[in-house]
**Q** 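Please find one structure pasted underneath; my questions will follow.
Both backbone and side-chain heavy atoms feed into the values below; hydrogens, waters and symmetry mates do not. None of these values were measured; they are calculated from a predicted model. Labels below follow one simple rule: chain letters A, B, ... track the order of the sequence lines, proteins then strands, and each chain is numbered from 1.
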Amino acid sequence: MPTIIDTLKARGLYEDQTSPELDAVLQQPTTMYIGYDPSSSSLQAGNFVAIMAMAHFQRAGHRVIALAGGATGLIGDPSGKSAERQLLTEEEVRHNLEGIQENLSRFLDFNHPTVPARLVNNYDWFKDFTFISFLRDVGKHFRMTQMLGKESVKKRMASDESGMSFTEFCYQLLQAYDFLWLHDHEGCRLQLGGSDQWGNITAGTELVRRMRGAETFGLTIPLVCDSQGRKFGKSEGNAVYLDSKKTSYYDFYQFFLRTTDADAARYLRIFTFLPLEQIGQLEEALQAVPEKREAQRVLAEEVTRCVHGDVGLTVARRASEVLFGGALDGLSLTDLLAIFANVPSRELPHDAVVGKPVLEVAAAAGLFASKGEARRMQQQGGLNLNNQRVADAAQVFAAGDLIEGRVAVLRAGKKNFCLVKIVAT
RNA sequence: GGUGGGGUACUCAAGUGGUCAACGAGGGCAGACUGUAAAUCUGCUGGCUAACGCCUCCGAAGGUUCGAGUCCUUCCCCCACCA
């Protein structure tokens, strides 16, 4: 019978493991955990890879624990960072944890009859830990040479401009202790993480071995990049979030729909639960008739449905059809509002819109940061009103441009839409 | 605490008295071509302005000067080594 490791490998979710014996251990249901950084109130598409790996574990009958780094988030992980990072306040972290919990609930079954997922916060076991007892009980088991030998530490020490603070240096102790705590209290034997977490994970297995004489394991998943080698999950310079308040259904769907051919099949394996045979077929279809973009479409639909449900998918799909369909003429106000419910909009008084230059309205609506930016965009032919190019810089917003006297659709470039709604003054 | 090196726009990075809203590269955005792809080509990338131009900007605050990113003083921060 294929193990969870075989599944992960086949889907491109496997990078490395600490010991070959892990394969045998995973023949039995095992408790594993993965840590999330609460530096944002919503998980990003970048966290997606880890979440999928975790979901595969749960589907394979293992017990999964999501660890929110409420305490470690107050310190900051130096791994993969070139510079010291900003510290979050305790309130910020608390707020962010709530959002993360909500995000995770869409992938993990917290009510599973036999192996319900758990969410824990390491602040709970760190908050009453005193510095002295931590040094005595935990610090004793760490050797300086090993700590200094960590890749994340070495890199920073060798850097000309960044260096590293004691606080960040201690991060690995905290993460190692997490593993120990979960081992003791939850019977956790495996930590999963991104490949940049290798050093922190081995610090944990090492600590458990020294203090408890027990063997624990680590498994890393690859850092997913696009075919250009760029880190996955950035769109127009902004991260793609799982929270629809931060990234709309529409933008979320579009992000996946715009996937490059070269990445489509790989993303399908990583980000969906579709059977590998079906993905193989989509891959062939993409070769044969690339312009149909079938693989991208399925990818966008699957992922959007998983994260935002059927409702989110419907909204995103309808908006996409309309926005890439041409003229908006036949649409009623009700339709428009429904379609654009999830697209950025701005409410403006009638007087600030009708009779004003379109450029000014576009800037006021928040489509551009300044009038100058709006002008540049217009000059380059990238400004559209109701899907019609604004060719004249001096064009004035006419009353007739308002659909049913209430809304108008502004667009910058191909894909940045903004709905202007008129409010009564 | 001492010595040396740094802090310039989204990032990297030039710039050592005027020609600097600040070279260059990357990134980003837009247009053309396409398939909402890739590649390619072109343009844009501090604010206000139709434009002339005005304003803000080079870690912070003062100062010298007709004129300062560039010189001086003090302060803050980062890095390395030493104590």
**Q** Between P on B:A32 and NZ on A:Lys414, what's the gap in Å once rounded to a whole number?
**A**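 It works out to 7 Å between those atoms.
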
**Q** Regarding A:Arg318 and A:Glu321, does a basic nitrogen lie under 4.0 Å from an acidic carboxylate oxygen?
**A** no

**Q** When the distance from CD of A:Glu291 to C1' of B:C33 is rounded to whole Å, what number comes out?
**A**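 Taking CD of A:Glu291 and C1' of B:C33, I get 16 Å after rounding.
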
**Q** Both distances below 3.5 Å, Watson-Crick or wobble geometry, any strand: find the nucleotide opposite B:G4.
**A**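 Its partner is B:C79 (Watson-Crick or G-U wobble, both distances under 3.5 Å).
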
**Q** What integer distance in Å separates A:Leu299:CG from B:G35:P?
**A**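 Result: 21 Å.
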
**Q** Return the nearest nucleotide to the side chain of A:Asn416; candidates are B:A37, B:A32, B:A30.
**A**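 So the side chain of A:Asn416 is nearest to B:A30.
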
**Q** With a 3.5 Å limit on both atom pairs, tell me what B:A68 is paired to, counting Watson-Crick and G-U wobble, or say none.
**A** none

**Q** For A:Gln378 and B:U49, give me the distance from atom CD to atom P, rounded to whole Å.
**A**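 Taking CD of A:Gln378 and P of B:U49, I get 14 Å after rounding.
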
**Q** Could A:Glu206 and A:Arg210 be called an ion pair, given the rule that one side-chain N must be under 4.0 Å from one carboxylate O?
**A** yes

**Q** Taking the P atom of each, how far is B:C78 from B:C71, in whole Å?
**A**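 One P to the other, the span is 23 Å.
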
**Q** Is A:Asp263 salt-bridged to A:Arg266, cutoff N-O under 4.0 Å?
**A** yes

**Q** Can you check whether A:Lys371 has a side-chain N or O nearer than 4.0 Å to OP1 or OP2 of B:G47?
**A**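 The answer is no; no side-chain N or O of A:Lys371 sits under 4.0 Å from OP1 or OP2.
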
**Q** Would you say A:Arg376 reaches B:U49's phosphate, i.e. side-chain N/O to OP1/OP2 under 4.0 Å?
**A**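 It does not, given that no N or O in the side chain of A:Arg376 lies less than 4.0 Å from OP1 or OP2 of B:U49.
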
**Q** Please enumerate all protein N or O atoms sitting under 3.5 Å from an N or O of nucleotides 41-43 of chain B, with distances to 0.1 Å.
**A**
from: B:G43; atom 1: N2; to: A:Gln380; atom 2: OE1; distance (Å): 3.0
from: B:G43; atom 1: N2; to: A:Gln380; atom 2: NE2; distance (Å): 3.2
from: B:G43; atom 1: N3; to: A:Gln380; atom 2: OE1; distance (Å): 2.8

**Q** Could you please name the partner base of B:A60, counting Watson-Crick and G-U wobble pairs only when both distances are under 3.5 Å?
**A** B:U74

**Q** Within the structure shown, what part of the strands sits under 4.0 Å from A:Glu373 by heavy-atom distance: base, sugar-phosphate, or nothing?
**A** nothing

**Q** Taking atom P of B:A37 as reference, at what distance in whole Å does atom CZ of A:Arg258 sit?
**A** 8 Å

**Q** With sugar-phosphate meaning primed atoms plus P, OP1 and OP2, does A:Arg411 contact a base, only sugar-phosphate, or nothing at under 4.0 Å between heavy atoms?
**A** nothing

**Q** Take atom P in B:G5 and the same atom in B:U11, then report the distance between them in whole Å.
**A** 25 Å

**Q** Using the P atoms only, state how far B:U56 lies from B:G67, rounded to an integer number of Å.
**A**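 The answer is 15 Å between these two P atoms.
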
**Q** Rounded to the Å, how far apart are A:Gln296 CD and B:U36 P?
**A**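 Checked: the CD to P distance equals 11 Å.
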
**Q** Which atom pairs, one a donor and one an acceptor, fall under 3.5 Å between side chains of residues 398-408 of chain A and the rest of the protein, sequence neighbours left out?
**A**
from: A:Asp401; atom 1: OD2; to: A:Ala398; atom 2: N; distance (Å): 3.0
from: A:Glu404; atom 1: OE2; to: A:Leu333; atom 2: N; distance (Å): 3.1

**Q** So which atom in A:Ala10 and which in A:Arg269 form the shortest heavy-atom distance, rounded to 0.1 Å?
**A** O-CD, 3.4 Å

**Q** Say whether A:Gln395 and A:Gln378, considering side chains only, have a donor N or O and an acceptor N or O under 3.5 Å apart.
**A**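 Result is no, nothing qualifies.
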
**Q** Taking only the C1' atom of each, what is the distance from B:G18 to B:G69 in whole angstrom?
**A**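 Comparing C1' positions in B:G18 and B:G69 gives a spacing of 13 Å.
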
**Q** Starting at the 5' end of RNA chain B and moving along, which residue's nearest nucleotide shows up first, A:Gly372 or A:Gly381?
**A** A:Gly381

**Q** Over how many whole Å does the gap from A:Gln379 atom CD to B:A30 atom P extend?
**A**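 Nearest whole value for this atom pair: 16 Å.
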
**Q** In this structure, is the centre-to-centre distance between the rings of A:Phe271 and A:Phe48 below 6.0 Å?
**A** yes

**Q** Taking only the side-chain nitrogens and oxygens of A:Arg375, find out if one of them lies under 4.0 Å from OP1 or OP2 of B:A50.
**A** yes

**Q** Now, which nucleotide makes the Watson-Crick or G-U wobble pair with B:C20, with each of the two distances under 3.5 Å?
**A** none

**Q** Considering only the C1' atoms, how many Å lie between B:G6 and B:C54, rounded to the nearest integer?
**A** 35 Å

**Q** Return the CG to CG distance between A:Leu257 and A:Asp251, rounded to the nearest 0.5 Å.
**A**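 That separation rounds to 12.0 Å.
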
**Q** Any strand is fair game: report the nucleotide pairing with B:U40 by Watson-Crick or G-U wobble, both distances under 3.5 Å, or none.
**A** B:A32

**Q** Toward the 5' end of RNA chain B, which comes first, A:Glu360 or A:Lys292, by nearest nucleotide?
**A**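 The answer here is A:Lys292.
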
**Q** Do any side-chain nitrogens or oxygens of A:Ser370 fall under 4.0 Å of OP1 or OP2 in B:C48?
**A** yes

**Q** Could you tell me if the side chain of A:His62 sits less than 4.5 Å from the side chain of A:Leu26, heavy atoms only?
**A** yes

**Q** Report all side-chain donor-acceptor pairs from residues 136-148 of chain A shorter than 3.5 Å, counting only partners two or more places apart or in another chain.
**A**
from: A:His141; atom 1: NE2; to: A:Asp137; atom 2: O; distance (Å): 3.3

**Q** For B:A13 and B:G17, measure between their C1' atoms and round to the nearest Å.
**A**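 Pairwise C1' distance, B:A13 against B:G17, rounds to 22 Å.
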
**Q** Say we look at B:C58 and B:U8: how far apart would their C1' atoms be, to the nearest angstrom?
**A**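 Rounded to whole Å, the distance is 4 Å.
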
**Q** Take the protein atom CZ of A:Arg297 and the nucleotide atom P of B:G35, then report the distance between them rounded to whole Å.
**A**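 Computing the A:Arg297:CZ to B:G35:P distance gives 14 Å.
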
**Q** Using atom P of each nucleotide, how far apart are B:U16 and B:G59 to the nearest Å?
**A**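 Result for the P pair: 15 Å, nearest Å.
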
**Q** Would you mind telling me which of B:U36, B:A30, B:G31 lies closest to the side-chain atoms of A:Arg389?
**A**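 So the side chain of A:Arg389 is nearest to B:G31.
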
**Q** Using purine N1 to pyrimidine N3 plus N6-O4 or O6-N4 for Watson-Crick, or N1-O2 and O6-N3 for G-U wobble, each under 3.5 Å, what pairs with B:G27?
**A** B:U45

